[in-house]
Amino acid sequence: MSDYLTIDSNDGVLTIGIMNDWLFPNVARLQAAIDPIPPGENSQVVFACHGLHDFDLAGAWVLYRKSLDLQEEGVETEFVGFKAAHFKFLQHVIDVAADSEAVPDYHEKLRRPNAVEQGIEQLGQVTTRGFESFGFISRSIVDGMKRPTKLVIGETIRQIHETGVKAIPIVMVVCFLMGIVLAYQSAGQLEKFGVTIYVVDLVSNSVFREIGVLLAAIMVAGRSGSAFAAALGTMKLNEEVDALQVMGLNPNQILIIPRVLGLVIAMPLLTVFADLAGLAGGAAISILALDISPVQFIERVAMSTRPMDMAVGFIKAPVFALLIAATGTLRGMEVQGSAEELGRLTTVAVVQSIFLIIIFDAFFTILFSRLGI
């Protein structure tokens, strides 16, 4: 017997008398009182109202759950003597339970968030992973720069050669062709107003501020970002990263730092070649198709281009390089289990790098516009 119930067994019937207040604040005590009661040898359990005062859904659920537990043991249960005001709570709990049994995915529907909730949840997950990734790369960079070794310096120089020097031809070809396209397309519109000479202004400003660094970054993301992910992922699969740790070496210092620093140093240099190639493409169309002399082209570039226009591209370059290197190395270090995972994360590294480049480029464009740069 407790403050909330009495127990009486007679002729195979166990009577549990319910009394006092079966309310939400008392749920813990109610469960502690009723859960341990065994049916014993009784084939029927009766829940009877013996001085029950206040009753709510929480109390009704405790009773109903005990009833279900007893029924699973093969014992019949019955509720008797409850007032109409009390019984409505029991009936509500019984109806809800009956609906959940009639509809198999009832609980799934209750738990299924709507589209807005799913979007917010996914955004939160992406943001969390982004901060975790940034923290991981930041710790790696700080860790590697505390005690730079000859191995790190040598590997950084090699990465500058791999990601920068070897990428010059493809970056210059793409930017040269883009300069041709940009000049040719803009000339068709400016010629209508008799200001074809402004093609030079448009090409020079676009190349220095946007096209040069953006195309260089996208090409590097496809070329070096995928290479970082593939190389580190292969090392993870071959347990070479574990071998470095066993040898007492820091994988972050040897594998991640040289790639990040190498690309951060190489990217501004690539931007210079991208800008030159883009201007060369614009100059080729201007001289060959628009009757603009080389001297006019050079003078117009000098007049229309401010030092700040060139600085904008160089400000973006190391940021883009950091995004590419961080994404590629992080996805590579996440590889585990199979070659299929390696291919998937390599693709993810490239896609995410390009996405981040475009996002940050839009951010810089708005920021520089607001600052009047």
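Computed from heavy atoms alone, side chains included, the values below leave out hydrogens, waters and symmetry copies. Source: prediction; values computed, not measured.
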Should [X] and [Y] count as side-chain neighbours, where that means a heavy-atom distance under 4.5 Å?
X      : Y      : value
Phe208 : Leu279 : yes
Leu356 : Phe320 : no
Leu255 : Met235 : yes
Arg65  : Gln31  : yes
Val207 : Met178 : no
Glu210 : Lys316 : yes
Thr365 : Phe363 : no
Thr271 : Val171 : no

Within the supplied structure, the quantity of interest is the number of heavy atoms (other residues, nucleotides, ligands) at a distance under 6.0 Å from [X] [atom1]; does it exceed 12?
X      : atom1 : value
Asn238 : CG    : yes
Phe360 : CZ    : no
Gln336 : CD    : no
Phe273 : CZ    : no
Glu191 : CD    : no

Using every non-hydrogen atom in the two residues, find where Thr196 and Ile292 come nearest and quote the distance to one decimal.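 Thr196 and Ile292 have their closest heavy atoms at O-CD1, 4.1 Å.
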NZ/NE/NH1/NH2 to OD/OE distance under 4.0 Å, Asp242 and Lys236: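 No salt bridge links Asp242 with Lys236.
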Starting from Leu342, can I reach Leu330 by hopping between I/L/V/M/F/W/Y residues whose side chains sit under 4.5 Å apart?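 No, it is not one cluster - the side chains of Leu330 and Leu342 are not joined through contacts under 4.5 Å.
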